[in-house]
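Report on one structure; see the data block that follows.
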Amino acid sequence: MGYKKPIPVEINKIVIGEKYYTCSWTGVIVVIVLKVYQNTNTVVVKVNSKKKNLESFVRPVKYIFDNPEMARSAGRDWEHDERKRKKMIKQNKKKRKTKGTQ
């Protein structure tokens with residue numbers, strides 16, 4: 001059995017208030033979609049947890065799945081994108097700091 005490329009849910013088929021799966025640092029989590037942004041291909045989601053009251057966050061549509069197995073296999077790509085995003089934020093802060101001191 002070979003590697004199956006994870007197939008995310010199409011943005012047109014996402015239903016607000018439904019449960020979907022996404023990647024996280026600790027594995028797969030179940031999230032509820034709160035809002036869909038068509039122009040940026042992102043969604044606002046909240047973790048489906050009765051124990052903890054967690055804040056909502058934004059996730060690209062390419063990491064929203066119907067199947068937990070698909071979310072698990074996309075985890076490595078998601079981690080790579082997160083590290084890249086955090087690195088860019090750090091570089092932008094550094095650039096702004098050096099610009100302001102001149």
Side-chain angles (χ1 to χ4, degrees):
M1 188 167 146
Y3 172 75
K4 289 184 179 179
K5 185 177 179 183
I7 302 169
V9 179
E10 293 180 24
I11 195 164
N12 300 333
K13 295 183 180 179
I14 293 178
V15 179
I16 295 175
E18 287 291 315
K19 295 179 185 178
Y20 294 97
Y21 300 95
T22 191
C23 316
S24 74
W25 294 109
T26 58
V28 177
I29 56 175
V30 180
V31 293
I32 298 173
V33 174
L34 302 176
K35 192 169 185 177
V36 178
Y37 293 106
Q38 297 276 347
N39 55 352
T40 59
N41 288 334
T42 57
V43 292
V44 177
V45 295
K46 185 169 183 162
V47 176
N48 185 27
S49 174
K50 294 179 183 176
K51 295 180 182 178
K52 296 180 181 179
N53 189 12
L54 302 170
E55 293 184 22
S56 57
F57 54 94
V58 177
R59 202 37 74 87
V61 173
K62 69 180 186 178
Y63 297 116
I64 302 295
F65 301 95
D66 285 336
N67 185 347
E69 292 299 319
M70 293 287 181
R72 186 174 292 122
S73 62
R76 189 171 190 156
D77 292 334
W78 176 81
E79 287 178 359
H80 172 73
D81 287 348
E82 276 297 297
R83 286 187 188 100
K84 186 176 177 182
R85 183 183 67 84
K86 287 181 180 183
K87 185 177 179 181
M88 292 300 294
I89 290 172
K90 191 174 181 181
Q91 287 176 351
N92 288 341
K93 282 183 182 178
K94 197 173 188 180
K95 283 181 184 177
R96 279 193 228 132
K97 189 175 183 181
T98 58
K99 242 185 195 179
T101 58
Q102 292 178 352

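Numbering starts at 1 and runs along the sequence shown.
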Distance from [X] atom [atom1] to [Y] atom [atom2], nearest 0.5 Å?
X	Y	atom1	atom2	answer
K62	D77	NZ	CG	7.5 Å
I32	S56	CD1	OG	11.5 Å
M70	Y63	CE	OH	15.0 Å

Verdict with reasoning, V28 to F65, per side-chain contact (heavy atoms from CB on, under 4.5 Å): CA-CA 10 Å; V28 177; F65 301 95; over 6 Å; no
Around atom CD of E10, are there more than 12 heavy atoms from other residues, nucleotides or ligands closer than 6.0 Å?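 No, not enclosed.
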Over 12 foreign heavy atoms within 6.0 Å of CG, N92: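 More than 12 heavy atoms, drawn from other residues, nucleotides or ligands, come within 6.0 Å of this atom.
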Can you run down the salt bridge (Lys or Arg N to Asp or Glu O under 4.0 Å) pairs that involve residues 42-59, sequence neighbours left out, and say none if there aren't any?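 Every candidate salt bridge (Lys or Arg N to Asp or Glu O under 4.0 Å) pair involving residues 42-59 fails, so no pair, neighbours aside, qualifies.
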Working note: D66 + Y21, criterion side-chain contact (heavy atoms from CB on, under 4.5 Å); need CA distance, chi angles, decisive distance, verdict. CA-CA 6 Å; D66 285 336; Y21 300 95; 5.8 Å; no
Could you identify which residues cluster with V15, counting Ile, Leu, Val, Met, Phe, Trp and Tyr as linked when any side-chain heavy atoms lie under 4.5 Å apart, either directly or through a chain of such contacts?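 Direct or chained contacts put V15 with V9, I11, I14, I16, Y20, I29, V31, V33, V36, V43, V45, V47, L54, F57, V61, I64.
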Give me the atom names and distance for the closest heavy-atom approach of A71 to C23.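 The answer is O-SG, 3.2 Å.
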By salt bridge (charged side-chain N to carboxylate O under 4.0 Å, His left out), which residues pair with E82, not counting sequence neighbours?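 With sequence neighbours excluded, E82 shows a salt bridge (charged side-chain N to carboxylate O under 4.0 Å, His left out) to R85, given in chain and number order.
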